Structures are given as C-alpha cells and as structure tokens.
Undergrad: 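Submitted below is the structure of interest, expressed as structure tokens.
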Amino acid sequence: MDLIPGIQVTSGALAAQRMRLDIVAQNIANAQTTRTAEGGPYKRQIVSFETELVKRTGGASLTTVRIGGVQNDKSPGQQVYNPQHPDAGPDGLVTMPNVNLAYEMVDLITASRAYEANLSVAKNSRNLALKTLEIGK
C-alpha cells in the first residue's frame, strides 16, 4: 500500500526544477564567455519539460514532469565593438553569448518558486501520511 503518492509525483518535478536551476546557473556563469571548446561564443541552454505517466497498482495513474531535453538557443548573440578583445574579428566586433541576464533572472525566480511549491507538496504528503498512521494509535 502506497501511503504517500504525492511524493512520487512531486519527486519528478523536483528533479526537473533542480535541473532547470542548474542550467540557468550555467547560463549566468557563461554570460561573458566568448570562446568555448566547440568554438565561438557560449550558446544559451534551454530546458524543456514533458509529462510522464506514473502507473500505480491498485489506484489511478498519475502524471509527473520530467526533463524532455536540453537544447541550444538558436538566437544570435550581440555584436559588440571591442578591437582590443582577443576574440575580435578584423572589423573589431566581438560576438557575445546570446544570454540575457534579465531573462535568466526571471527563469531563475520561476524555477525557484516551482521548486519550493513542489517541496511543500512533499512535506504536506509526508505530514498527511504521519497523521494517518496516528489514527490507529
């Protein structure tokens, strides 16, 4: 018998939001990286989510969230005139990463709030299960 199905559902969402927070942190950390191992400036990473069906025995199936994939943002980076930069072209322009810090901060706050909400669901499910066990005493 499964006493805490809410934790099964929210665990997938917690893992997905944690991955999203990691990707946003990586984007912010590389906001000024003009040279990568692959060549060229850093490309912003985007996380996509998809639903996953959690089948349960003896009850209704539930859906949770999981990471669908991480892709590169294909938008072009800004061209900045800086002839002293080591990655500047012959015209003095440097292609910067396509990371917008304002967008990243909004994504960071949204992911953080979603993580907190899922954590609250897990805590409430645990408390509900503990209260259910106390009924028999």
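This one's a predicted model, so the numbers in the text were calculated from it and none came from an experiment. Heavy atoms only: backbone and side chains are in, while hydrogens, waters and symmetry mates are out. Counting begins at 1 with the first residue of the sequence.
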Undergrad: If you measure from the Lys or Arg side-chain nitrogens to the Asp or Glu carboxylate oxygens, is any gap between Glu104 and Arg44 under 4.0 Å?
TA: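 Counted as a salt bridge, because a side-chain N and a carboxylate O are separated by less than 4.0 Å.
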Undergrad: Would you check, one step at a time, whether the test side chain to side chain contact (heavy atoms under 4.5 Å, CB included) holds for Val80 with Leu93?
TA: CA-CA 5 Å; Val80 176; Leu93 293 175; over 6 Å; no
Undergrad: First locate atom CG of Leu119, then atom OG of Ser11, and finally report the distance between them rounded to the nearest 0.5 Å.
TA: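 These two atoms lie 12.0 Å from each other.
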Undergrad: Among Asn27, Asp73, Asn72, which residue satisfies the side chain to side chain donor-acceptor pair (under 3.5 Å) criterion with Gln45?
TA: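 Result: among Asn27, Asp73, Asn72, Asn72 is the only option passing the side chain to side chain donor-acceptor pair (under 3.5 Å) with Gln45.
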Undergrad: Decide yes or no for Ile28 and Val99: does some side-chain heavy atom of the first lie under 4.5 Å from some side-chain heavy atom of the second?
TA: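 With C-beta onward as the side chain, the pair stays apart.
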Undergrad: Please report the interatomic distance NE2(His85) to OG1(Thr34), rounded to the nearest 0.5 Å.
TA: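 Taking NE2 in His85 and OG1 in Thr34, the distance rounds to 3.5 Å.
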Undergrad: Kindly check if the number of other-residue, nucleotide or ligand heavy atoms within 6.0 Å of CD (Glu50) is above 12?
TA: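 Buried by this count: over 12 neighbours within 6.0 Å.
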Undergrad: Please confirm whether the backbone N or O of Tyr42 pairs with a side-chain atom of Asn30, one donor and one acceptor, at under 3.5 Å?
TA: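 Flag not set: sc Asn30 to bb Tyr42 has no pair under 3.5 Å.
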Undergrad: Taking all non-hydrogen atoms of both residues, which atom of Asn118 and which atom of Gln17 are closest, and how far apart?
TA: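 Here Asn118 and Gln17 meet closest at ND2-CG, 4.3 Å.
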Undergrad: Could I get the full list of salt bridge (Lys or Arg N to Asp or Glu O under 4.0 Å) partners for Arg20, not counting sequence neighbours?
TA: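 Here the qualifying residues are Asp107.
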Undergrad: Establish whether Val24 and Met105 are linked, either directly or via other cluster members, by ILVMFWY side-chain heavy-atom contacts under 4.5 Å.
TA: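 Yes, Val24 connects to Met105 through the hydrophobic network.
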Undergrad: Any luck finding a side-chain donor-acceptor pair between Glu52 and Thr64 under 3.5 Å?
TA: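 Glu52 vs Thr64: no donor-acceptor pair found between side chains.
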Undergrad: Arg113: what forms a salt bridge (Lys or Arg N to Asp or Glu O under 4.0 Å) with it, not counting sequence neighbours?
TA: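 In terms of salt bridge (Lys or Arg N to Asp or Glu O under 4.0 Å), with neighbours along the sequence ignored, Arg113 is linked to no residue.
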Undergrad: Measure across Ile67 and Val47 and return the closest heavy-atom pair with its distance rounded to 0.1 Å.
TA: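 In terms of heavy atoms, the two residues are closest at CD1-CG1, 3.4 Å.
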Undergrad: Counting N and O atoms only, with roles assigned by atom type, does the side chain of Ser120 sit under 3.5 Å from a partner on the main chain of Glu116, one being a donor and the other an acceptor?
TA: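 No, the answer is negative, given that no donor and acceptor are paired below the 3.5 Å cut-off.
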Undergrad: Closest heavy-atom contact between Ala16 and Val65?
TA: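 Closest pair (atom of Ala16, atom of Val65, distance): CB-CG1, 4.0 Å.
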Undergrad: Indicate yes or no: at least one non-hydrogen side-chain atom of Pro97 is less than 4.5 angstrom from one of Gln78.
TA: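 With C-beta onward as the side chain, the pair stays apart.
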Undergrad: What's the spacing between Gln26 CD and Leu21 CG if we round to 0.5 Å?
TA: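 CG of Leu21 is found 13.0 Å from CD of Gln26.
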Undergrad: Are Val106 and Leu101 connected into the same hydrophobic cluster when the rule is that any two of I, L, V, M, F, W, Y join if their side-chain heavy atoms are below 4.5 Å apart?
TA: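 No; Val106 is not reachable from Leu101 via cluster members.
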Undergrad: Could you give the distance from CG (Leu128) to NZ (Lys123), rounded to the nearest 0.5 Å?
TA: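 If we round to the nearest 0.5 Å, Leu128:CG and Lys123:NZ are 16.0 Å apart.
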Undergrad: What about Tyr115 and Val121, same hydrophobic cluster or not, with Ile/Leu/Val/Met/Phe/Trp/Tyr joined at side-chain heavy-atom distances under 4.5 Å?
TA: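 Not linked; separate clusters.
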Undergrad: Between Asn98 (side chain only) and Ser75 (backbone N and O only), is there a donor and an acceptor less than 3.5 Å apart?
TA: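 Confirmed, Asn98 side chain pairs with Ser75 backbone.
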